[in-house]
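Just so we're on the same page: letters track the sequence lines, and every chain starts at 1. In this text, all values refer to a predicted model and were calculated from it rather than measured experimentally.
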2 protein chains.
Amino acid sequence: MKKLPRISESEWLVMRVLWSKSALTANEVVKELTGQTKWKPKTIKTLITRLLQKGALRFKKDGKKYRYYPAVIESECVGAQRRSFVRRVYGGTMKPMLAAFIEDADLSQEDITELKKILEQKERE
Amino acid sequence: MKKLPRISESEWLVMRVLWSKSALTANEVVKELTGQTKWKPKTIKTLITRLLQKGALRFKKDGKKYRYYPAVIESECVGAQRRSFVRRVYGGTMKPMLAAFIEDADLSQEDITELKKILEQKERE
DNA sequence: TATAAAGTATTACATTTGTAATCCATTGTC
DNA sequence: GACAATGGATTACAAATGTAATACTTTATA
């Protein structure tokens with residue numbers, strides 16, 4: 001597997017748009033992000049350009065316009081972030097981190113049931 | 001409550017040392033980090049200086065030397081990181097994130113039991 | 001068809017971060 | 001006491017990041 005590019009805080013917002021819906025033109029990305037951020041369109045263009053350079057996005061031509069789409073897989077990027085986060089903050093020990101997460105989280109009854117199921121699953125491994 | 005300073009990736013290592021043991025001299029911090037990193041002592045001094053400037057650390061004099069100690073509370077910083085992480089990567093929705101975390105984690109039987117207990121606790125709220 | 005709008009490319013510029021080195025004062029050592 | 005090591009302060013410098021503006025090109029519009 002290829003190594004994932006490093007995606008900055010701001011760039012994440014752009015990636016999340018394009019993971020949820022692609023391929024979009026730059027302007028469509030701008031529209032998706034309006035409301036979520038106060039960025040000028042030019043700023044979003046810059047972020048897209050950087051993501052292209054990093055290899056996190058690709059584009060294809062649609063007439064004269066470009067349509068952008070992810071070149072990296074969301075779950076992989078998310079996983080990398082998750083691991084980096086745990087390493088940084090908890091030095092790699094998962095349990096206290098998970099406990100804090102769970103306590104902090106706003107979970108529905110179904111969420112809780114499902115998480116318990118996952119834990120029981122793990123128990124059986 | 002005061003707003004927390006933004007602690008960078010490298011700076012986290014220094015903070016974790018001082019949260020676990022303080023107040024230490026710069027050199028003691030260097031010693032703690034030897035093995036964990038390949039940083040030159042000067043690099044670690046720089047990180048300490050920046051953390052002082054950001055208000056994440058304070059020092060007190062010990063004779064001529066300084067002894068450094070955290071000026072911010074670990075659990076608060078960790079919480080802020082956690083929330084920032086979730087917002088960035090999952091847009092704030094906790095459940096899928098927790099599920100991924102748990103599946104990914106290397107947990108002992110006791111860990112699992114304890115996490116289940118926490119979930120049951122939440123269930124009763 | 002000249003003009004404005006939209007797209008893309010190029011350039012800008014301050015701040016933060018990673019990763020130190022240098023300079024100066026002090027202190028411990030031979 | 002001269003000299004080296006230590007500690008702290010100041011300076012360095014490139015890459016990444018946040019946040020755009022400008023320039024050029026094509027397209028839609030009056």
Side-chain angles (χ1 to χ4, degrees), chain A residues 3-18 23-34 36-69 77 80-81 84-85 87-89, chain B residues 3-18 23-34 36-69 77 80-81 84-85 87-89:
Chain A
K3 56 205 159 312
L4 300 168
R6 177 177 176 75
I7 298 170
S8 83
E9 181 97 19
S10 299
E11 289 162 356
W12 263 97
L13 284 188
V14 174
M15 291 306 291
R16 292 215 299 128
V17 166
L18 287 165
L24 301 184
T25 65
N27 211 38
E28 287 165 342
V29 175
V30 168
K31 279 194 194 94
E32 293 286 327
L33 286 173
T34 302
Q36 284 188 68
T37 75
K38 293 170 204 61
W39 294 335
K40 301 286 152 65
K42 298 294 186 186
T43 300
I44 296 173
K45 301 286 180 67
T46 300
L47 294 174
I48 291 174
T49 303
R50 287 183 184 164
L51 287 165
L52 284 170
Q53 285 165 359
K54 292 180 180 188
L57 293 179
R58 290 192 205 299
F59 66 89
K60 52 187 176 193
K61 295 235 182 80
D62 177 21
K64 283 288 169 183
K65 321 279 172 68
Y66 293 172
R67 290 193 163 272
Y68 302 93
Y69 61 94
C77 291
Q81 280 285 306
S84 141
F85 164 77
R87 202 178 346 96
R88 170 174 51 236
V89 173
Chain B
K3 55 201 160 314
L4 299 168
R6 177 176 178 74
I7 297 170
S8 83
E9 181 97 20
S10 299
E11 289 162 356
W12 263 97
L13 284 188
V14 173
M15 291 306 291
R16 292 214 297 126
V17 166
L18 287 165
L24 301 184
T25 65
N27 210 37
E28 287 165 342
V29 175
V30 168
K31 279 193 194 96
E32 293 286 327
L33 286 173
T34 302
Q36 284 188 68
T37 75
K38 293 171 205 62
W39 293 336
K40 301 286 152 66
K42 297 294 185 185
T43 301
I44 296 173
K45 302 284 181 69
T46 299
L47 294 174
I48 291 174
T49 302
R50 286 183 185 165
L51 287 165
L52 285 171
Q53 285 166 357
K54 291 180 180 187
L57 292 180
R58 290 193 205 298
F59 66 87
K60 52 188 176 194
K61 296 236 180 80
D62 177 20
K64 284 288 169 182
K65 319 282 173 67
Y66 293 172
R67 290 193 164 272
Y68 302 94
Y69 61 95
C77 290
Q81 279 285 305
S84 140
F85 164 78
R87 200 175 350 95
R88 170 175 52 233
V89 173

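Between A:R87 atom CZ and B:L13 atom CG the span is 9.5 Å, to the nearest 0.5 Å. In this structure, A:I7 CD1 and A:L57 CG are separated by 8.0 Å, a value rounded to the nearest 0.5 Å.
If you check every strand for non-hydrogen atoms under 4.0 Å, B:K54 touches sugar and phosphate atoms only. Across all strands shown, B:S10 has heavy atoms under 4.0 Å from sugar-phosphate atoms exclusively, and none from any base. Residue B:T43 is in base contact, counting any heavy-atom pair closer than 4.0 Å across all strands shown.
The ring-ring contact (aromatic ring centres under 6.0 Å, His included) analysis of residues 38-64 of chain A, with sequence neighbours excluded, yields the pairs A:F59-A:Y66.
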Taking distance alone, no hydrogens or angles, what donor-acceptor pairs closer than 3.5 Å link side-chain atoms of residues 43-51 of chain A to residues at least two apart or in another chain?
from, atom 1, to, atom 2, distance (Å)
A:T46, OG1, A:K42, O, 3.0
A:T49, OG1, A:K45, O, 2.9

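The outermost nucleotides of DNA chain D lying under 4.0 Å from heavy atoms of chain A, listed 5' to 3', are D:dT17 to D:dT27.
Straight-line distance from the CD1 atom of B:I48 to the C1' atom of C:dG18: 15 Å, rounded to whole Å. As a whole-Å value, the separation of B:L13 CG from C:dT17 C1' is 14 Å.
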Sugar-phosphate or base contact per nucleotide [nucleotides 7-15 of chain C; S, B, -; heavy atom under 4.0 Å]: SBS--B---

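By the side chain to side chain contact (heavy atoms under 4.5 Å, CB included) test, B:Q81 pairs with A:F85, A:R88, A:V89, B:W12, sequence neighbours left out. With sequence neighbours excluded, no residue satisfies side chain to side chain contact (heavy atoms under 4.5 Å, CB included) with A:R6. Every residue two or more places apart in sequence or in another chain that forms a side chain to side chain contact (heavy atoms under 4.5 Å, CB included) with A:Y69 is listed here: A:S22, A:A23, A:R58, A:K60. Residues meeting the side chain to side chain contact (heavy atoms under 4.5 Å, CB included) test with A:T25, sequence neighbours left out: A:N27, A:E28, A:R67. Among residues two or more places apart in sequence or in another chain, the salt bridge (Lys or Arg N to Asp or Glu O under 4.0 Å) test is passed with B:K54 by B:E11.
The minimum heavy-atom distance between A:E32 and A:Q36, with the atom names listed, is O-NE2, 3.4 Å. Shortest non-hydrogen contact noted between B:L4 and B:A80 is CD1-CB, 3.8 Å.
In this structure, A:R6 and A:K40 both approach DNA chain D, and ranking their closest nucleotides by distance from the 5' end singles out A:R6.
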Base-pair map of DNA chain D as dot-bracket, where | denotes pairing with a different strand and pairs are Watson-Crick or G-U under 3.5 Å: ||||||||||||||||||||||||||||||

